[in-house]
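Just so it is clear: chains get the letters A, B, ... in the order the sequence lines come, proteins before strands, and each one is counted from 1. Just so it is clear, the model here is predicted, and its values are computed rather than measured.
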Amino acid sequence: MSDLQTPASSAAAGAATSDAPVSATAAANASSAQATGGRTLLPRNTLLRHLLVLVLCAVGAVVLLESTDLGFNAQIGYVAFYAIAAGGLTLLTGLNGQISLGHGALMAVGGYTTALLLDAEEPLPLVVIFLAAVALTALVGAVVGVAAARLHGPYLAGATLALAVGLPGLALYFKETLGGEQGLTVSTPDRPEWFTETIRTLSGGSPSGVKWIAYISVACLLVTYFLLANLMRSRVGRTWRAVRDQEVAAELAGIDLGAWRVTAFVVSAAAAGLAGAVLALVVRLTAPTAFTIVLSLSLLTAIVIGGLGSLFGALVGSVLLVFLPRLLRDAGESLDMDAAQAAEISYVVYGVILVVVMLFAPAGLVGSVRLALLRSRARRSAARG
Amino acid sequence: MTRSSRRLVGLVAAATVASTLAACGGGDSGGGGGGSEENEASDVGITEDTIRIGAHYPLTGVAAPGYSEIPTGVQAYFDYVNANGGVNGRQIEWIYRDDAYNPTNTSQVVNQLVLEDEVFAIMGGLGTPTHNAVTDFLNSEGVPDLFVASGSRLWDDVEEKPTTFGWQPDYEIEGKIIGQYVAENFPDAKVGLFLQGDDFGEDGAAGAKQYLEDQIVAEETYVPGNTDVRPQISALQAAGADLVLGFNVPSYTALSQLTALQLGYDPQWFYSNVGSDPALVGSLLARFSEGAVSDASLLDGVLTTEYIPTVDTPDNPWIQLYQRVWEESGQEGELTNYRAYGMSQAYTMVQALQAAGQNPTRDDLVAAVEQAGADWEGPGFAPFRYSEDRHAGYSGMLVSRIAGQGSEELTPVLVTDNGDAEIEEYDGEAATPPESGIPDEEPVN
C-alpha cells in the first residue's frame with residue numbers, strides 16, 4: 001500500500017496549498033503519479049501500456065466511425081486536427097510552462113506545405129507529404145523557439161502573438177504561389193483500393209471521400225498522441241517538468257534550460273504542423289482567414305478547459321471546441337431564436353462556461369477529476385491507516 | 001385548437017389551393033408543374049410537401065454588419081412564397097448557418113448542411129475565400145451550388161465546377177463599365193485606384209484598365225484587416241489623383257473617407273457597388289469617427305454602380321413588393337439594401353425551382369438554370385449570362401450618383417461580358433414583378 005500512498009498524498013498536498021502553477025497543471029502531474037501506482041490492469045511498462053491503449057483506441061475509433069453517419073464522421077476530422085495541435089500545445093504549456101499564441105500560424109505552415117505538395121502533377125505519397133509538413137513546421141518552430149527560450153510570460157505571449165498575426169500575411173504577399181486571400185484549394189487524395197475493400201467488409205457500405213479523410217485524421221491523431229505520451233513519460237518529459245517548476249534546481253542538476261525549452265517548442269511545432277496538414281485535408285482549403293489569431297486562442301482554450309498538460313484533457317477540450325458551439329446553437333434555435341441570435345448567444349454562453357470552469361475547476365475538467373480521485377484515494381488509504 | 005393543428009390545417013389548405021391551381025393549368029402560386037403528376041420525394045432534400053435549401057453567412061464577427069441581414073431577407077421572401085402555396089405545393093425550408101467568415105467554419109457548416117440536414121441545394125453562400133472552401137465538396141457530392149454571393153470569377157467554371165453558379169455581376173465587368181464611364185465623362189481626370197488586395201481589387205482594376213490605362217496615375221492596395229489606410233490615401237494624394245476608383249468593402253469606404261478628410265484630400269470618389277451602401281457606410285462612419293461624422297453626408301456626390309433596385313427608390317415596383325413582403329414577415333428592423341439583395345436572390349431561386357419541374361432531381365435544377373436562366377425576368381436590371389457553357393451571373397449594371405439618402409441614375413443599363421467584349425446599352429424593358437409577387441416559370445422539360 002505504501003507505494004500508492006506516497007504519490008497520491010503529495011499531489012493532494014500540492015493542491016491543498018493552492019499553489020497556482022502546481023494545481024493548474026495537476027492534470028499533467030497526476031497522470032505520472034498514476035503511472036507509478038494505482039490498481040490498474042494495464043501493464044507496468046510504459047511502452048507496453050501505451051501500445052495497448054493505442055490498440056484499444058484504434059478499435060474504438062473504427063467502431064465509432066462505422067456506427068455513426070457521414071455527418072458525424074466529418075465532424076471527427078475537425079476534432080482530430082484541433083486535438084493534434086492542442087496535444088502539442090499542452091506539452092509546451094502544461095509540461096514546459098511556455099505559452100504560445102502562435103500555434104495557429106504554425107498550423108498554417110503545415111497546411112500550406114500540404115496544399116502545395118498535393119497540388120503537384122504526380123503528388124508524393126500522403127505519408128511523405130505529412131512528414132514534409134511536420135519537418136518544415138518543426139524547423140520554423142526551432143527558429144521561433146530559439147527566440148522564445150529567452151522570453152517569459154507576457155513577453156513570450158507577445159512574441160508568439162506577432163507570429164500569429166504576421167505569418168498568414170505572407171500568403172497575401174506571395175500571392176502567385178500561395179493563392180492570396182482566396183487561398184489554395186486542396187484536392188482529396190485518392191482512396192487506395194485496400195481502404196475501400198476493408199470498409200466494405202467492415203460495414204458493407206461504400207466509403208466516400210469524407211470517410212477516407214476521417215480515417216486519415218484519426219490515424220494521425222492516434223499516432224501523434226502515442227508518440228507524445230511516450231515522450232511525456234520519459235526522461236525528456238521529466239526534464240521539461242523540472243524546467244517548468246524549479247528553474248534554479250533544474251539548472252543545479254545540470255539541465256540546460258534554454259536548450260530544453262527549444263526542444264519543447266520544436267516538438268510542439270511539429271504537432272502543430274501535422275495538425276495543419278490534417279486541417280488542409282479536412283477543410284479542403286488553406287486560406288489566411290482560416291489561420292487567424294482566433295485559431296491560436298481556440299487551441300489555448302481547449303487545453304485550459306480540458307486540463308493543462310494532459311493529452312486526454314486536450315482531446316476533451318477539442319471535442320468541446322467542435323461540438324459545444326453547435327449544441328448551443330441548436331439549443332438556441334429550438335428556443336425559437338433566429339439563426340443570427342442563436343449564433344451570437346452561443347458565443348456568450350461559451351464564454352460563460354469558460355469562466356465557470358476556470359472559477360470552479362482551475363485544473364481543467366480532466367485535471368479536476370484526477371485531483372478529486374487522488375484526494376479520495378488518499379483519504380481512503382489514510383483511513384485504513 | 002392547438003397551435004400545431006392550426007398549422008397543419010393551414011398547410012393542408014395551402015396544399016389544396018396549390019394543387020387546385022396546378023390542376024387548372026398553372027396559376028400565380030407557382031403551380032406550373034403540368035398538374036397530372038403527383039409530388040414525389042424525387043431527390044435528397046425533397047419530400048412530397050417540402051424542399052430544403054441551405055446557406056452559409058457571416059452572422060457573427062467582422063463581416064457580419066450588413067451581410068448578416070441578407071438571410072433575413074431571403075427568409076421573408078420564402079415565407080411569403082410558402083404562405084401563398086409554396087413551389088409546386090412544396091414549402092421551402094430555409095436553413096442558414098453562421099461561418100463567421102472563416103473558411104474552416106464554412107466547410108464545417110456546409111458538411112453539416114449537406115450530410116446531416118440533407119439540403120437539396122445550397123444557395124447564396126457568401127464570400128470568396130469562404131465559399132471557395134466548399135465548391136469542390138459540393139460539386140463532388142453533386143449538390144447544386146446556386147447564386148454564390150460574391151463577384152469573383154471563380155464560380156463561372158463549368159468544367160471544374162458544373163453545379164456552381166454565380167449571381168451578381170462579376171468584378172471585372174463592373175471594372176469595365178466604370179472604366180468606360182470615367183474615360184467618357186472625365187477624360188482629363190488623373191485616376192487613382194484604391195484596391196482590396198485580392199481578386200476583388202485585381203479583377204476590378206483589370207476591367208477598369210481596359211479603358212483607363214493612360215489616365216491612371218497611382219494604384220494603391222490595402223490588406224483586409226489592416227485598418228490604417230493613411231499610407232495608401234496619402235500616396236494617391238501625392239500622385240495628384242483627382243478621381244479615385246475604390247474596389248473595396250464598406251468598412252474601407254468609411255476608412256478612406258475619414259482618412260481623406262483628415263488629410264484634406266478631396267477628389268471625386270467612385271466606389272464599386274460592394275462598398276457603397278449609404279446606410280451601412282453611414283453607420284460605420286459614425287462608429288469609426290466616434291460620432292464626429294454622424295451620417296453618410298460625406299458620400300454626397302460619390303459615384304457608384306447598381307444592378308438591382310435599391311431601397312432609396314420607394315416607387316420602384318420591386319422595392320414596393322419587397323416592402324410588403326418584409327412587413328408581412330414580421331421580422332425586426334427595416335427593409336435594407338442587404339435584405340433587398342436577399343429577396344432578389346430568393347426570387348431567382350424560386351424561378352429556378354419552378355423551371356426544374358414538378359419532381360426535380362439535383363441535376364434537373366442545374367439543367368434548368370443552364371437552359372432557362374438567361375431568359376428569366378426579375379429584379380435585376382440586366383439578364384443573366386447562364387448557359388450550358390457559362391455559369392456567370394448578371395451581365396450589366398448602371399452608373400449612379402449618391403445624393404442624400406437617395407441616388408440618381410447617370411447612365412442607362414450597360415451590358416457587357418468578360419475579356420474584350422464591347423459595352424452596349426441594354427435594349428430590354430425593365431421587368432416589373434407579377435401581380436402575385438411570385439414568379440411563374442414553365443418547367444424546362
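With a 4.5 angstrom heavy-atom cutoff, B:A64 does not touch chain A via any of its atoms. Only the side chain of B:T60 comes within contact range of chain A, with heavy atoms under 4.5 Å apart. Contact annotation for B:I95: neither backbone nor side-chain heavy atoms come within less than 4.5 Å of a heavy atom of chain A. Only the side chain of B:E202 comes within less than 4.5 Å of a heavy atom in chain A; its backbone stays farther off. Residue contact with chain A, scored on non-hydrogen atoms closer than 4.5 Å, involves the backbone and the side chain of B:N132 alike. Within the 4.5 angstrom heavy-atom criterion, only side-chain atoms of A:L172, from C-beta onward, approach chain B. For A:V322, the parts lying under 4.5 angstrom from a heavy atom of chain B are both the backbone and the side chain. At a 4.5 Å heavy-atom cutoff, A:Q341 makes no contact with chain B through either its backbone or its side chain. The part of A:A287 that comes within reach of chain B is its side chain, from C-beta onward, which places non-hydrogen atoms under 4.5 angstrom from that chain. Contact of A:F291 with chain B is not made at all, since no heavy-atom distance falls under 4.5 Å.
With a 4.5 Å cut-off on side-chain heavy atoms, B:F165 and B:D156 do not count as touching. Looking at B:D98 and B:V109, their side chains never come closer than 4.5 Å, going by heavy atoms from C-beta outward. Residues B:N102 and B:T130 have side chains not in contact (no heavy-atom distance under 4.5 Å, counting atoms from C-beta outward).
Judged as a salt bridge (charged side-chain N to carboxylate O under 4.0 Å, His left out), not a single pair has a partner in residues 339-355 of chain A (not counting sequence neighbours).
No other option in B:D136, B:V110, B:V223, B:D199 has as many heavy-atom pairs under 4.5 Å with chain A as B:D199. For the set B:V114, B:L115, B:T106, B:V134, the count of heavy-atom pairs under 4.5 angstrom toward chain A peaks at B:L115. Chain A forms the most heavy-atom pairs under 4.5 Å with one residue out of B:Q196, B:Q331, B:Q112, and that residue is B:Q112.
Remark: the B:D145 side chain and the B:N139 side chain contain no N/O donor-acceptor pair separated by less than 3.5 Å.
Outside the 6.0 Å centre-distance limit, the rings of B:F194 and B:F247 are not counted as a close aromatic pair.
Contact check on B:E172 versus B:R153 returns a salt bridge, with a Lys/Arg side-chain nitrogen under 4.0 Å from an Asp/Glu carboxylate oxygen. With respect to the salt-bridge test (charged N to carboxylate O, under 4.0 angstrom), the residues A:K175 and B:D198 do not qualify.
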